[in-house]
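Remarks on the structure that follows.
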Amino acid sequence: MTGLLTQAEGGPVAIENADAKGEFLFVCEHASRRLPERLGTLGLSEEALESHIAWDPGALAVCRFLAKRLDATLVHQRFSRLVYDCNRPPESDAATPVVSEVYEVPGNRMMSAAERRARVDEIYLPFKEAVSQLISDRRASGRRPVLVTMHSFTPVYFGEPRSVEIGILHDADSRLADRMLAAAAVGDVGYDIRRNEPYGPADGVTHSLIEYGIRFGVPNVMIEIRNDLIRNEIGQRVVADYLEGLLTTGVAALPAK
Ligand SMILES: [Zn+2]
């Protein structure tokens with residue numbers, strides 16, 4: 001018996017605003033800190049299960065504001081990245097981390113090969129299939145999707161405070177990131193915005209960009225927001241407003257296709 005999710009828990013993928021007319025497609029792999037019942041607590045404390053190691057606090061809320069404003073579709077994962085990190089391929093050990101920042105994850109260390117396979121099959125593959133399908137459907141109907149993956153990061157990492165506030169991340173395709181960074185450099189918004197920080201391609205965080213953006217030839221960007229900026233609804237709205245400007249300016253500057 002390697003089944004992971006129960007019928008009552010439902011599937012791993014949530015799609016909002018599926019019939020949206022806008023070109024943006026928002027993807028939030030770390031939207032939730034929910035664990036499947038069958039995994040219990042993975043041996044973690046309540047504090048760890050509420051922290052950034054389990055999810056990206058605020059990221060889904062920012063996505064929802066943006067999806068509404070930009071009439072965009074939003075796809076998010078309904079279970080914690082501690083179960084399976086959908087921004088990592090199955091061959092990566094980081095997909096089911098045994099250590100996350102300063103926390104050991106006992107439930108991942110003790111997992112059998114069959115249990116890991118169930119996580120790939122029930123959490124990752126349906127997510128990959130859903131996002132890939134949305135992109136190919138749009139392309140088949142003559143529309144150009146623009147992929148935006150949304151994340152948040154902890155202000156203090158391994159005891160070190162981070163001063164970067166918003167990261168604009170890309171892999172080999174920097175078309176959209178370049179234009180967003182150019183837009184960010186105009187005027188003084190007060191945010192500390194950087195390219196490929198606090199993570200970049202070398203940290204293995206661009207799996208979704210490669211899988212859903214580069215593989216399909218669609219413009220793509222990953223946004224990382226320091227989570228203290230989006231702790232409450234006011235913060236989430238302020239950052240979403242700002243990102244809306246960067247995204248629309250960035251896309252408008254792309255060559256028409
Ligand atoms: Zn994330």
Side-chain angles (χ1 to χ4, degrees), residues 12-14 16 24-35 42 44 48-67 74-90 92-103 105 108 119 123-124 127-128 130-131 147-158 160 162 164-171 176-177 180 193-213 220-231 235-236 239-240 243 247:
V13 185
E16 298 182 13
F24 289 103
L25 172 63
F26 288 94
V27 172
C28 197
E29 303 97 317
H30 305 151
S32 174
R33 61 186 182 88
R34 179 176 179 175
L35 294 180
L42 288 173
L44 289 161
L49 291 174
E50 283 175 7
S51 78
H52 66 275
I53 72 159
W55 65 317
D56 285 355
L60 178 60
V62 171
C63 271
R64 282 182 167 144
F65 284 126
L66 281 165
L74 160 60
V75 186
H76 56 99
Q77 171 55 247
R78 294 185 56 242
F79 293 92
S80 169
R81 67 158 154 229
L82 293 171
V83 183
Y84 187 100
D85 181 338
C86 280
N87 194 27
R88 293 291 196 287
S92 166
D93 290 340
T96 50
V98 296
V99 179
S100 185
E101 201 200 357
V102 295
Y103 298 94
V105 189
N108 287 357
R119 296 199 199 177
I123 304 289
Y124 174 70
F127 191 80
K128 175 181 170 177
V131 180
L147 174 73
V148 181
T149 69
M150 190 69 71
H151 295 262
S152 71
F153 62 93
T154 181
V156 179
Y157 193 58
F158 286 108
E160 291 290 322
R162 286 160 151 171
V164 54
E165 294 178 304
I166 297 176
I168 305 293
L169 282 61
H170 61 83
D171 200 284
L176 180 54
M180 288 175 68
I193 300 178
R194 303 186 200 172
R195 181 192 297 268
N196 284 336
E197 284 195 41
Y199 307 107
D203 302 301
V205 300
T206 49
H207 172 66
S208 293
L209 295 186
I210 295 167
E211 190 63 39
Y212 314 123
N220 60 86
V221 70
M222 173 173 173
I223 300 175
E224 281 275 9
I225 307 163
R226 207 176 65 197
N227 71 30
D228 58 314
L229 299 175
I230 49 175
R231 239 174 228 153
Q236 291 154 4
V239 172
L243 291 175
L247 285 165

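In this chain, residues are counted from 1 in sequence order. Both counts, for ligands and for their atoms, begin at 1 and track the order of listing.
- Remark: Arg34 pairs with no residue by the salt bridge (Lys or Arg N to Asp or Glu O under 4.0 Å) rule, at least two apart or across chains.
- Judged as a salt bridge (charged side-chain N to carboxylate O under 4.0 Å, His left out), the pairs with a partner in residues 49-63 (not counting sequence neighbours) are, in order, Asp56-Arg81.
- Heavy-atom minimum distance, Ala67 versus Leu74: CB-CB, 4.2 Å.
- Scored by the side chain to side chain contact (heavy atoms under 4.5 Å, CB included) test, Gln236 finds Ala61, Val62, Phe65, Ile230, Glu233 as partners (sequence neighbours excluded).
- The Zn ion (ligand 1) has His30 ND1, Asp56 OD2, His151 ND1 as protein N, O or S atoms under 2.8 Å away.
- His52 and Glu101 form a side-chain donor-acceptor contact under 3.5 Å, judged by distance and modelled atom types alone.
- Phe127 and Tyr212 have perpendicular rings, their planes meeting at more than 60° on a 0 to 90° scale where under 30° would count as parallel.
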